[in-house]
Protein chains: 2
Amino acid sequence: MARPRKEQELDIARRAVDETIRLLAERGGFDVPLTAVAQAVGCTAPALYGHFRNKNALLRAVREEGFGRLYNEKFAVFEQMRGDPLGYLRDGSYAYARFALDNPTLYRLMLSPPQTLGASDDPWSSKAGRQILCLLLTGLRLCQERGYLPGADLRRYGFMFWSTIHGAVNLNLQNRRLDLAAMWDSTQSVIDSLMEMIAATGPTELPNNS
Amino acid sequence: MARPRKEQELDIARRAVDETIRLLAERGGFDVPLTAVAQAVGCTAPALYGHFRNKNALLRAVREEGFGRLYNEKFAVFEQMRGDPLGYLRDGSYAYARFALDNPTLYRLMLSPPQTLGASDDPWSSKAGRQILCLLLTGLRLCQERGYLPGADLRRYGFMFWSTIHGAVNLNLQNRRLDLAAMWDSTQSVIDSLMEMIAATGPTELPNNS
DNA sequence: GCCTCAAACTTAATATCATTCAGTTCTTGG
DNA sequence: CCAAGAACTGAATGATATTAAGTTTGAGGC
């Protein structure tokens, strides 16, 4: 038995990516054997080489898929929040953090990939990665148009904003003593603090009872 | 030839850690073969098993050594800066960022280790890791005693502070298109922004020309 | 000084993967 | 129906971690 019958043709490339994401979550590390992926897909390891140059190429595709999924979630929030830029920044950040905490290993592959993956391993080199950054910058720009963050350099501010949330998520994911709920509380509190800082730069200061 | 002569006795454990750190920097990834470490030390791979349960144990020791070195650098700054808590926060953060950018792979091993390393892989579970966090909290407390950050929850604020710097360093290290100088500029600007925010909460507001 | 034993290595063996090679069987265009 | 290429499979190769078995050295008792 060598070449499969046409009826049992399966889209190995897509399934390999999906199954790898599942196995990453299941095993909690990047060291997923190709044989395990192949078995999950329903083929043998060498068959994967017809669709990916090597294991790194598969992991790069997985990473790209991860960015794509994250972008979709953030974009859905963006659409829901039309007309409320501050609300988008908050809920978009929540969505980002929730994605990271729900898919810890995939998130680590996306933002802290092993150097061996290949040349293009910064988030900006991925199309969806750029789009995600772009969503954040758009959110900040809309806030600025409403009078928040007057005079701020958005590129610089956006980097800092992302750094803080990514750093918080990353540190939380590292802490084995925390369960998911505790990580979420901690991360949410960081995001809320950021939002308060932005809100405080706004034009219509509500009476604050400090 | 089996057991070495006494005169050629070498402290394999210490040398293995040092050489591994060197090889991590040289190769730019965690995938340093034990045989390479052994060769650098001047013994064979199985000899390392007399000093470390396995490769993960060696990497854990390397990680601990990394935290130790980072703590030493931060502590030196702390001593130099007695009486200037704001200055310590700034220069301590510079030292932290410089360490990370100068030792990218070691820093990644310290703060984004593979899950397979073992149970205790959050920075707080390492003694030196805790000490580093402690230094930061002390710096913040001293600032608060001088009137900065009034009423702030330092534990929460410290986490956010660390998150931002760690996130900035981490994102910069990921970006292959940046050289060391560019990463440093970007990170320094993040630290400076943080310091401005803290300074702005201070008691003696200088005349600001906004 | 000699003997025994444990320490501290060594070399050889095993297991797990990634990757490549050499078939094998479909499918498709003629 | 045939030839050629597509798409796999199973076996082979090579790198590595880890374990097993064997060897030499240093130390303590006599």
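The basis for the numbers below is simple: all heavy atoms, side chains too, and nothing from hydrogens, waters or symmetry mates. Predicted model only: the values in this text are computed from it and were never measured.
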Between the protein and nucleotides 18-21 of chain C, are there any N/O to N/O pairs under 3.5 Å, and if so, what are the atom names and distances?
unit_1, atom_1, unit_2, atom_2, d
dA18(C), OP1, Leu34(A), N, 3.4
dA18(C), OP1, Lys55(A), NZ, 2.4
dA18(C), OP2, Leu34(A), N, 2.6
dT19(C), OP2, Tyr49(A), OH, 2.7
dT19(C), OP2, Lys55(A), N, 2.9
dT19(C), O5', Tyr49(A), OH, 3.0

d([atom1], [X]; [atom2], [N]) in whole Å:
{"X": "Gln39(A)", "N": "dT16(C)", "atom1": "CD", "atom2": "P", "result": "14 Å"}
{"X": "Arg27(B)", "N": "dT16(D)", "atom1": "CZ", "atom2": "C1'", "result": "11 Å"}
{"X": "Leu48(B)", "N": "dT16(D)", "atom1": "CG", "atom2": "C1'", "result": "13 Å"}

On the 0 to 90° scale, with breaks at 30° and 60°, tag the Trp162(B)-Tyr96(B) ring pair as parallel, tilted or perpendicular.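 Trp162(B) and Tyr96(B): perpendicular rings.
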Restricting to pairs with a member in [range], which pass salt bridge (charged side-chain N to carboxylate O under 4.0 Å, His left out), not counting sequence neighbours?
{"range": "residues 154-166 of chain B", "result": "Asp153(B)-Arg156(B)"}
{"range": "residues 85-114 of chain B", "result": "none"}
{"range": "residues 177-186 of chain A", "result": "Arg177(A)-Asp122(B)"}

Pair up each side-chain donor or acceptor in residues 20-29 of chain B with any protein partner under 3.5 Å, not counting sequence neighbours, and list the distances.
unit_1, atom_1, unit_2, atom_2, d
Thr20(B), OG1, Ala16(B), O, 2.6
Arg22(B), NE, Glu19(B), OE1, 2.9
Arg22(B), NH1, Glu26(B), OE1, 2.9
Arg22(B), NH2, Glu19(B), OE1, 2.7
Arg27(B), NH2, Asp31(B), O, 3.2

Sequence neighbours left out, what pairs pass ring pair (Phe, Tyr, Trp, His ring centres under 6.0 Å) with at least one residue falling in residues 167-186 of chain A?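 Only Tyr94(A)-Trp184(A) qualify under ring pair (Phe, Tyr, Trp, His ring centres under 6.0 Å).
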Which residue pairs pass the ring pair (Phe, Tyr, Trp, His ring centres under 6.0 Å) test when at least one of the two sits in residues 16-37 of chain B, sequence neighbours left out?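 Every candidate ring pair (Phe, Tyr, Trp, His ring centres under 6.0 Å) pair involving residues 16-37 of chain B fails, so no pair, neighbours aside, qualifies.
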If only side-chain N and O atoms of Thr44(A) are considered, is one of them under 4.0 Å from the OP1 or OP2 phosphate oxygen of dT9(D)?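 Answer yes for this pair, as a side-chain N or O of Thr44(A) is under 4.0 Å from OP1 or OP2.
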Could you tell me whether the phosphate oxygens of dC8(D), OP1 or OP2, come under 4.0 Å of any side-chain nitrogen or oxygen in His51(A)?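 Answer is yes, contact under 4.0 Å.
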Mind listing the residues from residues 17-26 of chain B sitting with a heavy atom below 4.0 Å of DNA chain C? Number order is fine.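 Of all residues in residues 17-26 of chain B, none places a heavy atom under 4.0 Å from DNA chain C.
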Which side chain to side chain donor-acceptor pair (under 3.5 Å) pairs, counting each pair once, include a residue from residues 66-77 of chain A, with sequence neighbours left out?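 Checked against side chain to side chain donor-acceptor pair (under 3.5 Å) - neighbours excluded - the pairs reaching residues 66-77 of chain A are Asp18(A)-Arg69(A), Glu65(A)-Arg69(A).
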